[in-house]
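Computed from a prediction, not measured in an experiment: that's the story for all the values here.
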Amino acid sequence: MEPRSADKADGAIQVNMSLPTHLMGIDAENYPGLTDLLKSLSKHITKDGLSKSLKHDVEQAKENLEKEKHSYLQQHILHYELHEMMVDQEFAQQDLAPDSQTEQYHNALRECVSTAEACDYLHKRPYGQGDKTTSLLGLTEEDLLKSNPHMKKLPVLQQHYIPELEKRLKHKCEEVASCHFTPSDTEGSEQLAFAKATRLPDILKQECARLEEEKEKSRLDKALISKQFWQLYYALTEALAILEELITKHRLTLQAEKDSVTTDWLSARCHAMHLKIRVFRTKLLCDMYTPDAVMALQQIREHLSQTIQEKESELSRIDQALQAYRSIGMGFEELVQEYEQLQKAVTSKKWALKELKQSMTEEETQDWRVS
């Protein structure tokens, strides 16, 4: 990280160090020993928290690992490409039988690859305290090499298959490069396309480096934003403290007196309003209940009281009559039903008689008009 500075407005103290800290000026002022400690630590510790000696060892180990990884990947690619070429040859033999020489080359290649793979399992390993080595079914690397009759023809096989391997790898490099470059970049001769494919690792390294630079820049921007945030936070905290002090000393001392006066005024106004409402209520009752209205209401009350007494006496009489009827027994209900039927029959007869009289009257009137 770039060296940071903290001033007293932020604080007036310069603090230069390579550690990723968020030290503010006010912190540097309140804790002067902390800045000295950070300066001394920055001489021995990197921004990742590692000591500088350990950092050098880590970088050296990473470099050695990259070399070993690069060597392994080269061998792995050649081994994988050989297997893929042999598989393609087997598929081609199913469609078209090869000549005897081509078949001999294929068989020799398969046996040489198998022998090399078997020898790879015979590398030396420590066993106990001695220098004993492991073997495959009691066989050594020399035994495996002697058992392969095609080892003497290995230079001939290399001259035959190395150009084909180069051609296949070249074609794959061009295909990989076509995924990165635009179609306009890959237009041209095969030599130009292969040249662009060979430049692809360098281009990718440059892009990775550019991405790392952008990441570092983004991290620095994030740290700057965080620093500005804390600066604003401290400024707001101080402003709020000053504002609270002003409110406590100047506003709240007068607010209590103002609240007391306001409370007394509201209490007096409420009491006056209550008395005013009582006066209005009394005046309304006086206007509503005049002497004539009072006398009329008294007469109405006496009439209602008398009517209530009459209805109560009538109700009592009816209750007594009902009790008397109920004392007759079960036959009372039958009599009542029979009485209801007779009442209905009388009502219907009266209605029929009335209709008959009306119809006879209308006939007489019509006869008179005709005569």
Side-chain angles (χ1 to χ4, degrees), residues 46 48 50 53-91 105-128 130-148 150-181 190 193-213 215:
T46 63
D48 298 328
L50 300 175
S53 59
L54 181 59
K55 180 71 173 179
H56 179 267
D57 295 339
V58 170
E59 290 177 353
Q60 186 66 35
K62 285 183 178 180
E63 185 178 353
N64 295 334
L65 178 62
E66 287 294 329
K67 291 180 180 178
E68 295 295 332
K69 185 177 179 181
H70 185 265
S71 176
Y72 166 77
L73 289 177
Q74 282 182 340
Q75 297 177 8
H76 177 72
I77 290 171
L78 290 174
H79 182 258
Y80 180 81
E81 194 62 33
L82 276 173
H83 273 280
E84 188 174 349
M85 186 172 64
M86 288 190 294
V87 171
D88 293 341
Q89 290 173 355
E90 291 177 0
F91 280 113
Y105 276 119
H106 293 176
N107 294 333
L109 177 62
R110 282 196 296 270
E111 291 185 11
C112 288
V113 171
S114 300
T115 302
E117 290 177 349
C119 291
D120 188 53
Y121 289 100
L122 300 179
H123 59 281
K124 295 181 179 181
R125 299 176 185 174
Y127 183 81
D131 294 330
K132 297 180 180 180
T133 59
T134 59
S135 62
L136 181 64
L137 301 176
L139 300 175
T140 62
E141 184 176 355
E142 295 179 357
D143 297 332
L144 293 174
L145 294 176
K146 289 179 181 180
S147 65
N148 186 4
H150 303 288
M151 291 303 298
K152 296 179 180 179
K153 301 179 182 179
L154 188 59
V156 179
L157 291 174
Q158 290 176 350
Q159 292 178 1
H160 181 75
Y161 284 109
I162 285 176
E164 187 175 353
L165 281 174
E166 290 179 349
K167 183 179 179 181
R168 292 171 65 93
L169 291 173
K170 179 180 178 182
H171 178 67
K172 288 188 175 181
C173 289
E174 292 175 355
E175 288 183 349
V176 172
S178 65
C179 297
H180 183 270
F181 295 108
E190 294 183 0
F194 182 70
K196 291 181 179 179
T198 55
R199 288 192 298 107
L200 183 60
D202 296 333
I203 293 173
L204 293 178
K205 286 182 180 179
Q206 292 175 2
E207 292 184 357
C208 290
R210 180 174 56 82
L211 290 176
E212 290 296 329
E213 290 177 359
K215 286 183 180 179

Could you point out which residue of His76, Gln75, Glu81, His83 forms a side chain to side chain donor-acceptor pair (under 3.5 Å) with His79?
His83

Quick one: pull up CD in Glu164 and CE in Met85 and give me the separation to the nearest 0.5 Å.
5.0 Å

Is the NE2 atom of His56 crowded by more than 12 outside heavy atoms at less than 6.0 Å?
no

Enter the distance from Lys69:NZ to Asn64:CG here, rounded to the nearest 0.5 Å.
14.5 Å

Distance check, rounded to the nearest 0.5 Å: Arg210 atom CZ versus Lys215 atom NZ?
12.0 Å

Report the distance from atom CZ of Arg168 to atom CD of Glu166, rounding to the nearest 0.5 Å.
13.0 Å

What distance separates Leu211 CG from Leu204 CG, expressed to the nearest 0.5 Å?
10.5 Å

Does the side chain of Leu78 reach to within under 4.5 Å of the side chain of Gln74, using non-hydrogen atoms?
no

